[in-house]
Amino acid sequence: MSELFFARRFNTGNARKLQIRLSEKVIQKDCFSEPIQYVGGVDIAYDGKESIGAVAVFEYEQMKLVETATSRQTTTIPYIPTFLSFREIPPAVSAFKKLQRTPDVVLVDGQGIAHPRRLGFASHLGLVLDMPTIGVAKSVLCGEVRDNGGKRWKPLVYKGNVIGAAVETRPHVKPVYVSVGHKVSLESAIKIVLHCARGYRIPEPLREAHKEAERGKGGKS
DNA sequence: GCGACAG
DNA sequence: ATCTTGTCGC
């Protein structure tokens, strides 16, 4: 009962101010050691009133799954466009705490700084975990793709600034929208996403995290 | 004021 | 996100 009340009273005004304040702390430079050894993927699934957070960790070079972790808890905040992170961070962080190995960089299902206030789920999560994160979204939240040459990626521009890139992970397939989450440059983010995409539009760590979250439905974790 | 709007 | 039948193609 209290959760529902809290959800209805979610204060977008305060959340908006927090986003603006936090967005200034986002670091857009590579803050991880090379070569990358482990990459993680985070995704959230919903089962009725509960959220299932899942994390999958892959060995970078071979792209082999080495570990997964999930966490199931009551959903506390409703989905409100541009405030997705407040809803998904709790289950994501909870799943992360169960990991044995800490990935060097994490792919997140959503936008990084490609957000109206430059603080999408991937950036917010990166700040909370103090870890390098990359936003990988399946559709655009804001901005427009600038038609450039025949590269594998095109810049996503919003109000005159490049906030991310539409990356064609597979030929002739709808692109995924990559943006800086935290502690990584856009160039590296694109390179990492392309490395992790093996035969499918969605990078392996995210595909696996999605499957893991689906498996968490109808049970506990 | 109106329309758009990650998952 | 979630629900949901059939269909096309490797």
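Taking the six-membered ring wherever Trp is involved, the centroid distance between the rings of A:Tyr38 and A:Tyr60 does not fall below 6.0 Å. You'll find the ring centres of A:His115 and A:Tyr158 outside the 6.0 Å limit.
Atoms CZ (A:Phe121) and P (B:dA6) sit 15 Å apart, rounded to a whole Å. For the pair A:Glu214 CD and B:dG7 P, the interatomic distance rounds to 14 Å; values are reported in whole Å. In this structure, A:Ile44 atom CD1 and C:dA1 atom P are separated by 11 Å, rounded to whole Å. Computed from coordinates, the A:Ile77 CD1 to B:dG7 P distance equals 18 Å when rounded to whole Å. Per the geometry, CG belonging to A:Leu119 stands 13 Å off C1' belonging to B:dA6, to the nearest Å. Atom OH in A:Tyr177 sits about 12 Å away from atom P in B:dA6, given to the nearest Å. When the P atom of B:dA6 is taken as reference, atom CD1 of A:Ile80 falls 13 Å away, rounded to whole Å. One atom, CG of A:Asp47, and another, C1' of C:dT2, lie 10 Å apart when rounded to the nearest Å.
OP1 or OP2 of C:dA1 sits under 4.0 Å from a side-chain N or O of A:His210. Considering only side-chain N and O atoms, A:Lys138 lies nowhere under 4.0 angstrom from the phosphate OP1 or OP2 of B:dA6. Look at A:Tyr46 and you won't find any side-chain N or O under 4.0 angstrom from OP1 or OP2 of B:dG7. One finds a side-chain N or O of A:Ser139 lying less than 4.0 angstrom from the OP1 or OP2 phosphate oxygen of B:dG7.
Residue A:Ala122 is out of contact with every strand shown, counting any heavy-atom pair closer than 4.0 Å. Residue A:Phe86 is classed as having no contact, given no heavy-atom separation below 4.0 Å to the nucleic acid. At the heavy-atom level, A:His124 lies nowhere under 4.0 Å from the strands shown. A:Thr82 comes within 4.0 angstrom of a base, heavy atoms only.
A:Gly181 and A:Ile113 make their closest contact through O-CG2, 4.4 Å (heavy atoms, listed as atom of the first residue, atom of the second, distance).
By the 4.5 Å heavy-atom criterion applied to side chains, A:Val136 and A:Asp109 are not counted as neighbours.
Here C:dC3 is the nucleotide among C:dC3, B:dG7, B:dC5 with the atom lying nearest to any side-chain atom of A:Lys217.
Here the rule is side-chain contact (heavy atoms from CB on, under 4.5 Å) with A:Glu214, and of A:Lys211, A:Lys217, A:Glu212 only A:Lys217 fits it.
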